[in-house]
Amino acid sequence: MPRKELAKMYNPKDFEDRIYQNWEEKGYFTPQIDENKTPYTIVIPPPNITGQLHMGHAVDNTLQDILIRWKRMQGYCTLWVPGTDHASIATEAKIVESMRQEGLTKDDVGRDGFLERAWDWKKQYGGRIVKQLKKLGSSCDWTRERFTLDEGCSKAVQEVFMRLYKKGLIYRGKRMINWCPHCLTSISDVEVVYEDQPGSFWHLRYPFKDGSGYLELATTRPETLLGDTAVAVNPEDERYKDVVGKTLILPLVGREIPVIADEYVEKDFGTGVVKITPAHDPNDYEVGLRHNLEVINVMTDDAHIVDDYPKYAGMDRYEARKAIVKDLEEQGFLVRVEPYTHSVGTCQRCHTTVEPRVSLQWFVSMKELAGPAIEAVRSGDIRFIPERFNKNYFHWMENIRDWCISRQLWWGHRIPAFYCDDCGETVVTQEKNPVCPKCGKPMRQDPDTLDTWFSSALWPFSTLGWPDETSDLKYFYPTSTLVTGYDIITFWVSRMIFSGLEYTGKKPFSDIFIHGLVRDSQGRKMSKSLGNGIDPLQVIDQYGADALRFMLANGTSPGNDMRYSDDKVKAARNFANKLWNASRFILMNLSDEIVKPELPETLLMEDKWVLSKYNATVKTVNDNLTNYELGVASQNVYDFIWDVFCDWYIEISKSRLNAGGETALNAQKVLVYVMSGILRLLHPFMPFITEEIWQALPNDCETIMLAPYPAYDENLNFAEEEQEFERIMNAIKAVRNIRTEKNVPPSRKAHLYIETAYTATFEKGKAFFERLCSASDVTIAESISIENAAIGVTESAKLFLPMGELIDKEKELARLRKEQESCQKDLDMISHKLDNPDFVNKAPEKVVNNEKAKLARAQDRMKKILESIASMQ
RNA sequence: GGAGGCAUAGCUCAGCUGGUUAGAGCGCAGCGUUCACAUCGCUGAGGUCCUGGGUUCGAGUCCCAGUGCGUCCACCA
């Protein structure tokens, strides 16, 4: 059968799509239960509709897939917990689609920011994520439709809600919450974005009822005056001691309100007097609870003044502010206004200023759930990588507040709570149309939906079929690893941990591999509003998925942000090109009789050198992958391929390949053997190109995805040959250096004389000098004396390059003296160290011996330099 | 206000538990193209590892203080 050839040019478009399709058709992505193998499971985050961090998804998916492919090649049975959440684009797209079929328009979803966007982006968005994953080569099974809104996930969510309710860990209560008057929904604390905004500080005065003057206070929100039910001072504040307990008349409204004393008030801020509006400020609400104050709501859902205040009714909060300030001023209650910048909470999605408000919501009480979750991380049962994110986690968990889980959105899991309008009974049930157990009347379901993260928290087990005891759940849970960005630790990671522990009794995963965020080339967060987001699909189109993946892995170190730049992807693409061409070279020189990667019986020095280097690379790559140091691991592979394999081994193999016969065949075998290892080492990082080359080269596995990952092999350690070859390399570099310095073009060959104690070694490398540093002939001896030559010195050899008229004795001497100087510096430094008795006595023996060896080498070199100088004079 | 992070070559970043002559990619300078690759090769220049103390035989690495720049959380009448 004729051997498959590689195209002359590396072009990822020629094969990436084809290869993915092929993998998919062969079913390599379908997870399988294999009781003989250890499962390796990664939890994939549900994609987010905001979709702004597309490159963020690419990082997640790439890093996950690298680990998956690596583990799979080690014989682990792997699974990537897949699927789509109700918060996912795919599901929203479905909703949009069905709404359209019902003849609804975009206006009908106008109050829902998420759906509004989904409407605009149309339904492709769901497909887009899938497309992106495929393009990236992600080995993820997307065929599992059962975890969508209507089925498995819903069941799990309801189950959890019921359990928590029965345990008393879920309750409905009045609470000061953040309310977005635009989205008309409550939003959690973490969804509020604080922005510094210029505003004003209005100093007002409230008159005492008994006519004994005024109390001056300051506020940034005069419109909330309508809801004031008290004025507070600090109990320690001498200035106001005697006014506590007196009654004030609320300007404009005429309400009688008390002056109270509360610790919450800071004496030194403003006038030391605070108006208390329990309905419109979280702190005031707390104060109100302590003092039994009335809660008077003055605003509607969309932040307009309620009808109770006819003069201002229907105005929005900012209009009302103007009107009220104007009235206060006219009636003499405004003392002065000063400019004041303060941070204002805004809605993460629509950036409307949030309005704190008292509302009836569902809560999960967190204290009891947080305990075991903290313990799991503290005991090391679950670990963050890097470890420092523990602190983040603890800080949040230890100061946790109850979690408001109800959302007023149009889509999502509906809260399974029913109310009886007749008798006020509340029932939590999975039944669709329950009747009131007290009066037998039909009940009304809570219109609210659950916070996205409530269901996302169940991800690791709900996607495996929980609450049913499925075989998947038994085999794959707990999962091995979660890969995600640090921005999501509190939203998602911590909630998965306590949820897993609470509902399944087991931790959801052991390792949490945290990566940084991708920023633009200027270090800014990628965002839609800035327009600086980079579309991974476009990058893939331009440079190929392998290049993008490699760039994402290579540029990353755990937990640290990275900047995206085209140049980095280009560098990765060039690397792929290098590998491509190296493979083409091997294929072009390959005899038909080589049918699988296999080492020859006899290995030359350079073969042993490259194998030894390869073996060391295999070890460090595996070690680094084990430690989640994907960036370092990819760099290890890169360095080996480019610097060791291509720049040296392939170059020196050329003369053997040209020579033909057995030595050529042996060289081919080593080339194929090492290349086969390289491809497998690199496969997790660059899946497509490695598979394409794998298929062209002699191999012993139908796909590289299932070929064994290279493992460290004691038999491939050749320390001696490594050292030998390194002596030759150093000599070659020295000669090249001299030639460049003298501007000698490669076309001009020169006879090279090598004086060395290692004649046997250098004899073995004779041919290399001809090819790699333009030697016309090489003479090797233990002692050589040449007049009129440029001289290079390494620790193991003196190199003479007689080049007639190009040699200027004085310049040569100057050059050698410069070398002498730098060598002397080394010598001084090392001997200074070794002369220090403290160092010799206290430093570990290994370090001292290392220094001694260094000293010996430097001395050898110095000796040769001095000899050379002497010989020239 | 609390927590945590970063600061290393012109740029983007590596440098793990202290022992290197402090590295890479890009960029820059010089030379080079029939014979895998110009998406290339060879050679080179370029660094007070933010500042000041401390621990140590030894600090880019550990400790303390300071400066500068991001991040998360809380608060802001």
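Only a predicted model underlies this, so the values are computations on that prediction, with no experimental measurement involved. Reminder, nothing fancy here: chain letters follow the sequence lines and each chain counts from 1.
Looking only at side-chain heavy atoms (C-beta outward), A:Phe389 and A:Ile512 stay at 4.5 Å or farther from each other. Between A:Arg815 and A:Ile738, some side-chain heavy-atom pair lies under the 4.5 Å cut-off. At least one side-chain heavy atom of A:Tyr649 sits less than 4.5 Å from a side-chain heavy atom of A:Val670. Inter-residue side-chain proximity for A:Leu834 and A:Val848 is flagged as met; some heavy-atom pair is nearer than 4.5 Å. Side-chain atoms of A:Leu217 and A:Tyr206, non-hydrogen and from C-beta on, do get closer than 4.5 Å to each other.
Spacing between B:C50 and B:C16 at atom P, rounded to whole Å, works out to 14 Å. On the C1' atoms, B:G53 is 32 Å away from B:C11, given to the nearest whole Å. On the C1' atoms, B:G58 is 47 Å away from B:C75, given to the nearest whole Å.
The phosphate of B:C42 has neither OP1 nor OP2 within less than 4.0 Å of any side-chain N or O from A:Thr740. For A:Lys654, a side-chain nitrogen or oxygen approaches OP1 or OP2 of B:A36 to under 4.0 Å. Distances shown here put every side-chain N or O of A:Asn743 at or beyond 4.0 Å from the OP1 or OP2 atom of B:U43. A:Trp642 has no side-chain polar atom (N or O) that falls below the 4.0 Å cut-off from OP1 or OP2 of B:G25. Under 4.0 angstrom from either OP1 or OP2 of B:G41 there lies at least one side-chain N or O belonging to A:Lys578. A close approach under 4.0 Å does not occur between any side-chain nitrogen or oxygen of A:Asn737 and OP1 or OP2 of B:C42. Taking only side-chain nitrogens and oxygens, A:Lys570 never comes nearer than 4.0 Å to OP1 or OP2 of B:G27. Put simply, A:Lys842 has no side-chain N or O that comes within less than 4.0 Å of OP1 or OP2 on B:G19.
Contact annotation for A:Asn560: backbone-only contact, meaning every heavy-atom pair under 4.0 Å involves sugar-phosphate atoms and none involves a base. Within the 4.0 angstrom heavy-atom criterion, no nucleotide atom of any strand lies near A:Pro837. Across all strands, A:Lys825 comes closer than 4.0 Å to no nucleic acid atom at all (heavy-atom distances). At the heavy-atom level, A:Val265 lies under 4.0 Å from base atoms of the strands shown.
One cannot find a donor-acceptor pair under 3.5 Å joining the base of B:A3 and the side-chain atoms of A:Glu398. Within 3.5 Å, no donor on the side chain of A:Arg563 pairs with an acceptor on the base of B:U12, nor the reverse.
Closest contact between the side chain of A:Phe839 and the listed nucleotides B:G5, B:G41, B:C57 involves B:C57. Of the listed nucleotides (B:C40, B:U21, B:A14), B:U21 has the atom at the smallest distance from the side chain of A:Met829. Here the nucleotide nearest the side chain of A:Asp838, chosen from B:A24, B:C57, B:A36, is B:C57. Picking from B:A14, B:U20, B:G19 the nucleotide with the shortest atom distance to the side chain of A:Ser557 gives B:A14.
Nearer to the 5' terminus of RNA chain B, by closest-nucleotide assignment, is the contact made by A:Asn658 (compared with the other of A:Trp648 and A:Asn658). The residue among A:Glu851 and A:Arg736 whose nearest nucleotide of RNA chain B lies closer to the 5′ end is A:Glu851.
In this structure, A:Asp511 contributes its side chain and A:Phe513 its backbone to no donor-acceptor pair below 3.5 Å.
Glycosidic conformation, B:G53: anti, with the torsion outside 90° of 0.
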